[in-house]
2 protein chains.
Amino acid sequence: MTRWKPDARGRMIAAAMELFAERGFDATTAGDIAAHAGVTERTFFRHFADKREVLFDGSGTMAHLATEAILAAPASLPPLDAALAGMAAAGGLLADRREHAVRRSRIVAAHPALHERELLKLASLVDATADALRARAVPDPDAALAAHCAVACFHVAFGAWISAADPAPDFARYVDRAAAALRALS
Amino acid sequence: MTRWKPDARGRMIAAAMELFAERGFDATTAGDIAAHAGVTERTFFRHFADKREVLFDGSGTMAHLATEAILAAPASLPPLDAALAGMAAAGGLLADRREHAVRRSRIVAAHPALHERELLKLASLVDATADALRARAVPDPDAALAAHCAVACFHVAFGAWISAADPAPDFARYVDRAAAALRALS
DNA sequence: TTACTGATGTCAGTCACTGACATCCGCAGG
DNA sequence: CCTGCGGATGTCAGTGACTGACATCAGTAA
């Protein structure tokens, strides 16, 4: 049947994106995805904790990038600015994959269960950001609040970046714009 | 078996809280909850969209309270302040039920799936808040950002309120405290 | 009484997910 | 070249969340 075994994981992700986009999330069974990727359903669940998780493979990396950027930021940078630097860094993961990100966000927006999982990933980003700020000796509740605000900017920036007319918009610029609007609130 | 049919819904909620606390979420089947409440599993799923939802029955009301308070706030109030007034109003739903809220939040914190659902409810609160602000002619992205920040304050306030030493703490005071910390960030 | 409405019970079925066990593949050591 | 070993995969059976279709039953208005 299939002679290539390499990167079963990547094939499952691609198959899921394709099938979810075509038939929708509900009408696609885990077995469908697995078969389309040339593996068994059992193997699918060995790679992904559940059916939704297949769409959120890079989220851990994003939190990692944000953490590193925040810890690497100059100590003189205020908490909110450090957190925002983390958001811009996390966005670096999207830089070369806007088309993929657009298709993915369309699929996620189409099903409440996927939206819910995305919220969980954003919450993980909030937690990672807050932890990184605490490692910079930012006290609570400032760390938690700054993390929440920064991720809110990330979220708003992502929405604008996804629907930008510019074919290759710079994510960091959108974070800056959201941050400016945030500061203007108070 | 049971002679009283009134308020099957309330009995299911109580049964779920009890069983989740005793055995944990995973070890409690939907059928267990239903039987404990004197109904069938099918009836359980007619009242609640899924097994988790039984713990989140009041969340719609909270969003409603927040919306009303925001729309009723004086037009001169800046967006963030109006949103925060909404959060204080939403907290009114908790006022007389701290013991219940404590038990519930313990259960929710004990299982990732429940935590995930709570995030969805908070996101609904963000959406309702942002919509109410837009109805006050607050433009985007200001409305979205103010809503996110306000709900972040709600979240932080809730955590502090839940673990307060004072036996009957005032929720609105905790919202104010979080809001003050938020404003001090920038 | 009669008809209608809404809540519930019953039953069968699909599918997400899991544990236990067998198998196969690439590779280090002999 | 053989051998054993660890990791990834296949196979199979089972549990439980959730759904659709249909029957029933209580309360209520005509």
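All values below were derived from every heavy atom in this structure, side-chain atoms included, with hydrogens, water molecules and symmetry-related copies excluded. Proteins come first, then strands; the chains are lettered A, B, ... in the order of their sequence lines, and each starts at number 1.
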Between P on D:dG16 and CZ on B:Arg23, what's the gap in Å once rounded to a whole number?
11 Å

Can you check the A:Arg42 CZ to D:dG7 P distance for me, whole Å?
17 Å

Could you state the CD-P distance from A:Glu53 to C:dA16, rounded to the nearest angstrom?
15 Å

Out of D:dA17, C:dA16, D:dC12, minimum distance to the side chain of A:Glu41 belongs to C:dA16

For the side chain of B:Thr29, counting heavy atoms from C-beta on, which of D:dA17, C:dA16, C:dT8 is nearest?
D:dA17

Would you mind telling me which of D:dT9, C:dG9, C:dA16 lies closest to the side-chain atoms of B:Thr43?
C:dG9

Check whether any side-chain N or O of A:His47 sits under 4.0 Å from OP1 or OP2 of D:dT9, and answer yes or no.
yes

Expressed in angstrom and rounded to an integer, what is the separation of B:Phe44 atom CZ from D:dA17 atom P?
9 Å

What about the rings of A:His148 and B:His155, do their centers lie closer together than 6.0 Å?
yes

Using atom types as modelled and distance alone, determine if a side-chain donor or acceptor of A:Trp161 lies under 3.5 Å from a backbone N or O of A:Tyr174.
no

Output the rounded distance in Å from CZ (B:Arg11) to P (C:dT8).
9 Å

Given D:dG10, is OP1 or OP2 found less than 4.0 Å from the side-chain N or O atoms of A:Thr40?
yes

From CG of B:Asp50 over to P of C:dC15, roughly how many Å is that when rounded to an integer?
19 Å

Distance, rounded to the nearest Å, where B:Ile33 contributes CD1 and D:dG16 contributes P
13 Å

d(CZ, B:Arg46; P, C:dG9) in whole Å
8 Å

Going by an N to O cut-off under 4.0 Å, is there a salt bridge joining B:Glu18 and B:Arg23?
no

Does any donor atom in the side chain of B:Asp127 or B:Ser124 lie under 3.5 Å from an acceptor atom in the other side chain?
no

